[in-house]
Novice: 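Below is one structure. I have some questions about it.
Proteins come first, then strands; the chains are lettered A, B, ... in the order of their sequence lines, and each starts at number 1.
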Protein chains: 2
Amino acid sequence: MRLFRERGYARTTMRAIAQEAGVAVGNAYYYFGSKEHLIQEFYAGTQHEHRAAAAPTLARERDFAARLAGVLHAGVDVLTPYHSFAATFFKTAAEPTSPLSPFSSESSEPREASIALFREVLEGSTARVDAELRPALPELLWLAYMGVVLYWVHDRSPAQVKTRQLIDGAVPLVDRLVGLSRLRVLRPVTRQVITLIHTLRH
Amino acid sequence: MRLFRERGYARTTMRAIAQEAGVAVGNAYYYFGSKEHLIQEFYAGTQHEHRAAAAPTLARERDFAARLAGVLHAGVDVLTPYHSFAATFFKTAAEPTSPLSPFSSESSEPREASIALFREVLEGSTARVDAELRPALPELLWLAYMGVVLYWVHDRSPAQVKTRQLIDGAVPLVDRLVGLSRLRVLRPVTRQVITLIHTLRH
DNA sequence: CGCCCTTCTTGAACGCGTTCAAATCGAGGT
DNA sequence: ACCTCGATTTGAACGCGTTCAAGAAGGGCG
């Protein structure tokens, strides 16, 4: 039954999944509460793969921008084989009540894991960040990643090359903004961003 | 049949809609290509309402922040009666191939209309904006609005008061960023943002 | 008037995700 | 060997969005 999951991903219906596994439809539901749980497993899998795929870059690079780019590109690398799958996945995740929604309480563990990855980007880097912003930055980076994924899902260019370009364009911008966050002129902005993050949280 | 649409909104199934209107299910499909088209009509309706609800503020205020806050709050005002409906709507809109997706080519007209509203926020205001950023700013403001709507959909606080707080927190931040955009130190940032917007577009 | 065409209406049926009562299987105990 | 219990399996059925062949009604033309 372990193989049940891997084989199912290429299919889109529970009936096809059940048929592929040589069982009845009801049996598929016995092992997985729903199709959504199947997708959830898939999601958790890609999270782990993302961390693994990002590890070489994180071990090698100290520069914040390089680390961030590495992690973002790794994320897209991991997701790419499933692009044809993405629309379905995204639609499911978009349900505000879905445990798959990036913003749901059920997703807090995967979300925290993802945010932790971005925390690692930051902590292993030489970036100098405003002291107040620093704890909030991983979450902001995660939100940026969510934006990238959103774009990726909609990206119809060959091999989602546009998403790659977006990353390559966004990383230097984020890098620069992070660098500027300690600037005296921008301290009120930094403060406001932090306040906003707190609003978002509670 | 004109009333068909209004009555249908409170229901969630085509069967209930058809029953409510005293016709057969197939007949509902005769008049509307799909449930999605029904939702599309609803969406177009809220767009018009948004513009109307924002008009007093736009007529009265010259201050950029006040105008922006007025438009954002008006948007939430218009959507509020439908919050119980929002999850369904949002899930439909999240389908990348859906004509309802804010990012789809089919939605270009409603999107342009919405962006035009934010352009009006800008043009009727006293804000001084970087000359290069100015043409791109309405779209950025629209994206911010999309973020607010995203938050609103997920907001379970009473009367979505959290979303109101988010707006009240975000507006001064946007205002300040817009004001800073002409700063010499930030010109590279401004340039990068504009480049990024172009990446997003093509 | 009859025929043809267009428009509108119907309801059974399709595939989807899901449910659940009934049946089967296997292990342990007497 | 039989019984009990828990685990596993089954497939019909449910509601959902949607489709579509067939039927009904109305209008125009010969």
Side-chain angles (χ1 to χ4, degrees), chain A residues 1-45 82-101 104 106-107 153, chain B residues 1-46 82-102 104 106-107 153:
Chain A
M1 285 297 124
R2 182 110 271 179
L3 295 179
F4 185 42
R5 180 179 48 177
E6 278 93 359
R7 296 175 182 226
Y9 289 144
R11 305 290 180 263
T12 55
T13 73
M14 295 302 285
R15 283 171 176 82
I17 290 168
Q19 183 178 41
E20 181 88 4
V23 298
V25 177
N27 206 17
Y29 285 96
Y30 180 76
Y31 286 99
F32 299 94
S34 63
K35 183 166 186 178
E36 188 161 279
H37 281 101
L38 263 182
I39 297 182
Q40 208 163 0
E41 296 276 352
F42 159 74
Y43 179 55
Y82 309 107
H83 193 252
S84 62
F85 196 66
T88 303
F89 175 80
F90 185 67
K91 182 174 180 177
T92 304
E95 178 91 52
T97 55
S98 164
L100 271 191
S101 168
S104 76
E106 287 100 321
S107 274
V153 166
Chain B
M1 285 295 128
R2 184 108 271 189
L3 295 180
F4 184 43
R5 180 178 47 176
E6 278 92 1
R7 295 173 181 226
Y9 290 142
R11 306 287 182 260
T12 54
T13 72
M14 296 302 286
R15 284 171 174 82
I17 291 167
Q19 184 178 41
E20 181 86 4
V23 297
V25 176
N27 207 17
Y29 284 95
Y30 181 75
Y31 286 99
F32 300 94
S34 64
K35 184 167 185 177
E36 188 160 280
H37 281 102
L38 263 182
I39 297 182
Q40 209 162 358
E41 297 276 352
F42 158 75
Y43 179 55
T46 59
Y82 309 107
H83 192 251
S84 62
F85 194 66
T88 302
F89 175 81
F90 185 67
K91 182 174 178 177
T92 304
E95 177 90 52
T97 54
S98 164
L100 272 190
S101 169
S104 75
E106 288 99 323
S107 274
V153 166

Novice: Nearest whole angstrom, please: distance from the P of D:dG15 to the CD of B:Q19.
Specialist: 13 Å
Novice: Could you check B:G33 against A:A24 and say which one's nearest nucleotide on DNA chain D is further toward the 5' end?
Specialist: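 The residue closer to the strand's 5' end, by nearest nucleotide, is A:A24.
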Novice: Check A:A28 against A:M14 and note the closest heavy-atom contact, atom names and distance.
Specialist: CB-CE, 4.0 Å
Novice: Got A:T13 and A:Q19 here, is their nearest side-chain heavy-atom distance under 4.5 Å?
Specialist: no
Novice: If you compare every side-chain N and O of A:N27 against the phosphate oxygens of D:dT8 (OP1, OP2), does one of them come in below 4.0 Å?
Specialist: no
Novice: Just compare D:dT10, D:dA7, C:dT7 and give me whichever is closest to any side-chain atom of A:V23.
Specialist: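 Nearest nucleotide to the side chain: D:dT10.
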Novice: Are any of B:Y30's side-chain N or O atoms less than 4.0 Å away from OP1 or OP2 of C:dT9?
Specialist: no
Novice: Can you figure out which of C:dT18, D:dT18, C:dT9 approaches the side chain of A:S34 most closely?
Specialist: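 Within the option list, the nearest is C:dT18.
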Novice: Return the 5'-most residue of the pair B:V25, A:G22 with respect to DNA chain D, ranking by each residue's nearest nucleotide.
Specialist: A:G22
Novice: How close or far is atom P of C:dT9 from atom CZ of B:F32, stated in whole angstroms?
Specialist: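 In whole Å, C:dT9 P lies 12 Å from B:F32 CZ.
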Novice: Taking only side-chain N and O atoms of B:Y29, does any of them lie within less than 4.0 angstrom of OP1 or OP2 on D:dC20?
Specialist: no
Novice: When you measure from the side chain of A:M14, which nucleotide among C:dT10, D:dG17, C:dG17 comes out closest?
Specialist: C:dG17
Novice: Is there a donor and acceptor pair, one atom on the side chain of B:R15 and one on the base of D:dG15, closer than 3.5 Å?
Specialist: no
